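To start, the structure under review is shown below, and the notes come after it.
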2 protein chains.
Amino acid sequence: MTTMKEISALAGVSVSTVSLVLNNRDSGRVNTQTAEHIRALAHQLGYKPNQMARSLRTSRTHILGFLSDEVATTPYAGAMISGAQDAASQYGYVIMTVSTDNEAQERHEIAALERYGVDGFFLAKMSNRHSRVPENLSEYPVVLVNSTYDYSSAKKTSIAGVPRYTGIAPDEKRIGYDATKRLIDAGCTRIAYIGCHEPMIAETLRFEGYQDALKDARIEYDSNLCIQVGNNTPALQAVHSLIDKHHPDGFFCFNDARAWYVYDCAARLGQEIGRDIHIVGVDNHRVLAETLSPQLTTIELPHYEMGYWAACKLISMIEEKDTQDFEIPDTTAPLPSLDNDGDVFIQCALIEKESV
Amino acid sequence: MTTMKEISALAGVSVSTVSLVLNNRDSGRVNTQTAEHIRALAHQLGYKPNQMARSLRTSRTHILGFLSDEVATTPYAGAMISGAQDAASQYGYVIMTVSTDNEAQERHEIAALERYGVDGFFLAKMSNRHSRVPENLSEYPVVLVNSTYDYSSAKKTSIAGVPRYTGIAPDEKRIGYDATKRLIDAGCTRIAYIGCHEPMIAETLRFEGYQDALKDARIEYDSNLCIQVGNNTPALQAVHSLIDKHHPDGFFCFNDARAWYVYDCAARLGQEIGRDIHIVGVDNHRVLAETLSPQLTTIELPHYEMGYWAACKLISMIEEKDTQDFEIPDTTAPLPSLDNDGDVFIQCALIEKESV
DNA sequence: CTGTTAGCGCCTTCAG
DNA sequence: CTGAAGGCGCTAACAG
């Protein structure tokens, strides 16, 4: 590792001069010739600033701590981390990931990240949930990812009018609405909802969105067409008996996995998906997208995008930078403005395939 | 952030004494009374060592760089990162994750990690592949995860008899063997192989394992029962026509996703899985495990375990520590000894469910 | 048993 | 336009 010292020796100038030049603070302060010489040397020796030393001096590490649960077990962790990572990388930051499946571990890992002097924290959840924020994070910039702040845990909900914590999560209600609307537009009149029997924000809101869409289309809500199911055989049987008894022509499924139950029933009954019955899922889960035949029309959960947005937001908080300075890339789901604080909801894209 | 300086002031001793005590190097060097006092103060003030400062001094950061491809798009990234993370955390290390989907990005991210002075690198692949190791990593301890070293890219394959790079990957051949054996034990005599049409290490070796198992059971290999398929409708049709023409009673599927095609055909044909036909997959993919009915018997790919092993190995290389000092946890797939170098293969567990 | 000294690599006044 | 000096927080010789 070449240091400024070595460069300064070779260039015959002092370390301070090298520092000025290499931090681009030399305009009008250092002779252009020497500046160029220094830059050339640095490049040629493959100089890399030592972040440790710099951080020690500036008390800014450009490290972002990514706390998240269930990293090991969900397929979504990668996308969220990757989105955060890409944005971070673009603005000169780096990410330390840490998984926190219980409170003891959480404390331990937060302490580890604090030792490294991270500039801020992501708090990511693998399923959309309200989250409390650990006490000892109150001094840091924090952004919730796939999660919103649990105000019931709050002492102050806002500071000087600005919401206490900002978080980004999918617009679940709209997911339900858009999916159902798509089925209505395809001509379905008896639309089933295959929900999830665990209590979740997503379950409640998607179901509400489903009902709203029916109402707007003046289709009467029929509770017989709605079931909440778990996994495997019991779920499959429930779907089977729903179909037997009530003959829906469209299915809005809580997620892509649950859409599989409909596929299986259709195969048994000899129904053709996309013609006899129509299906919309949620997730755009890669494995299912690559597998199911006919391909599943689904609403994509923008995990990558949420990670990306959260990183931009977090960096803007750390640097107190104008949010205009961030380039928001075009993604399948359009990213919200960074000016938002508090609960931010991201619209999810409907991916047209063959099941509608 | 309280510093050693502050503690030393309060305790009325010098910073060095505090340093000694808080690093547990005080036995027989510092008065037990003062040592206790210092510890008490540190605890009470919530002292946290500043890793940056420490690293600057020791040139050890206890940061591990995790380079990996396709983090965003595969469901396995989380498990590998999480395994590495858990082991790292146990030995006082922390992980910086970085995704590298092209060479330019890879160089950029490696440079970023080098600035932070990472102590070593993971090189993770989302599908088992031979990997070259970037030139500029040659000075670092490196462990490949879900990957083995591409010796064709090497100048020296070993140094003083020790293989150049060590990597851990699933024992693919054994996967094919064990899966097929399981079907044979269940009484299947016409066992189909539903493979993958992309050229991959896993495809080649699992197929070999399949053939070996047949041979050991004196079942004649029939190429009519073996197909290599891609995704979606074409794959489904290929499986369908295989069943139509050759009536297999057992299916070894390259992965769980491909097992779905068999499920779909069985549903159409009214065959009962686990009785009329038997299926073994590979992946133990969570979404499919939670969904398919009857549940799929499958061989689990030990991503978490590979991450865990790789972290232990990497740390042992960094610290030149005796491999005996590492506690290897009990996992579904038994972890290999850390004494191995070069290509290390991990045996994968067969998860008994209902499809056999 | 404890303190002094020096320095890791870098940045930032402040003098020249 | 440039250099010297000081210090971020911590560790490690070496002296006392």
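Quick note: numbers below take in every heavy atom, side chains included, and nothing from hydrogens, waters or symmetry partners. Here the structure is a predicted model, which means the values were calculated and not measured. Here is how names work: the chains are called A, B, and so on, in the same order as the sequence lines, proteins then strands, and each is numbered from 1.
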Separation of [X] atom [atom1] from [N] atom [atom2], in whole Å?
{"X": "B:Leu20", "N": "C:dG3", "atom1": "CG", "atom2": "P", "value": "11 Å"}
{"X": "A:Ile38", "N": "D:dG3", "atom1": "CD1", "atom2": "P", "value": "8 Å"}
{"X": "B:Ile7", "N": "D:dT11", "atom1": "CD1", "atom2": "P", "value": "11 Å"}
{"X": "B:Met4", "N": "C:dT2", "atom1": "CE", "atom2": "P", "value": "16 Å"}
{"X": "B:Glu36", "N": "C:dC1", "atom1": "CD", "atom2": "C1'", "value": "16 Å"}
{"X": "B:Arg57", "N": "D:dG7", "atom1": "CZ", "atom2": "C1'", "value": "15 Å"}
{"X": "B:Leu56", "N": "C:dG7", "atom1": "CG", "atom2": "P", "value": "14 Å"}
{"X": "A:Leu22", "N": "C:dC10", "atom1": "CG", "atom2": "P", "value": "9 Å"}

Under-4.0 Å side-chain N/O to phosphate OP1/OP2 contact, A:Tyr47 with C:dC10: yes
Using a cut-off of less than 4.0 Å, is there contact between a side-chain N or O of A:Asn23 and OP1 or OP2 of C:dC11? yes
Looking at the side chain of [X], which of [options] is the nearest nucleotide?
{"X": "B:Ser14", "options": "C:dT4, D:dT2, D:dT11", "answer": "C:dT4"}
{"X": "A:Ser16", "options": "C:dT12, D:dT11, C:dT2", "answer": "C:dT12"}
{"X": "B:Thr58", "options": "D:dC10, D:dT11, C:dC10", "answer": "D:dT11"}
{"X": "B:Thr17", "options": "D:dG9, C:dC8, C:dT2", "answer": "C:dT2"}
{"X": "B:Ser19", "options": "D:dT11, C:dG9, D:dG6", "answer": "D:dT11"}
{"X": "A:Asn31", "options": "C:dC11, D:dT2, D:dC8", "answer": "D:dT2"}
{"X": "A:Thr34", "options": "C:dT4, D:dC10, D:dT2", "answer": "D:dT2"}

When we call it a touch if two heavy atoms are under 4.0 Å apart, what does A:Val15 touch: a base, just sugar-phosphate, or nothing? nothing
What is the nucleic acid contact for A:Gly117, judged by heavy atoms within less than 4.0 Å: base, sugar-phosphate only, or nothing? nothing
Please determine if A:Lys313 and A:Asp341 form a salt bridge, counting it only when a charged side-chain N lies under 4.0 Å from a carboxylate O. yes
Parallel under 30°, tilted from 30 to 60°, perpendicular over 60°: which one fits the rings of B:Tyr140 and B:Phe121? perpendicular
pair A:Leu45-A:Leu10: side-chain heavy atoms closer than 4.5 Å: yes
Kindly check if the number of other-residue, nucleotide or ligand heavy atoms within 6.0 Å of NZ (A:Lys321) is above 12? yes
Are more than 12 heavy atoms, taken from residues, nucleotides or ligands other than A:Arg25, located less than 6.0 Å from that residue's CZ atom? no
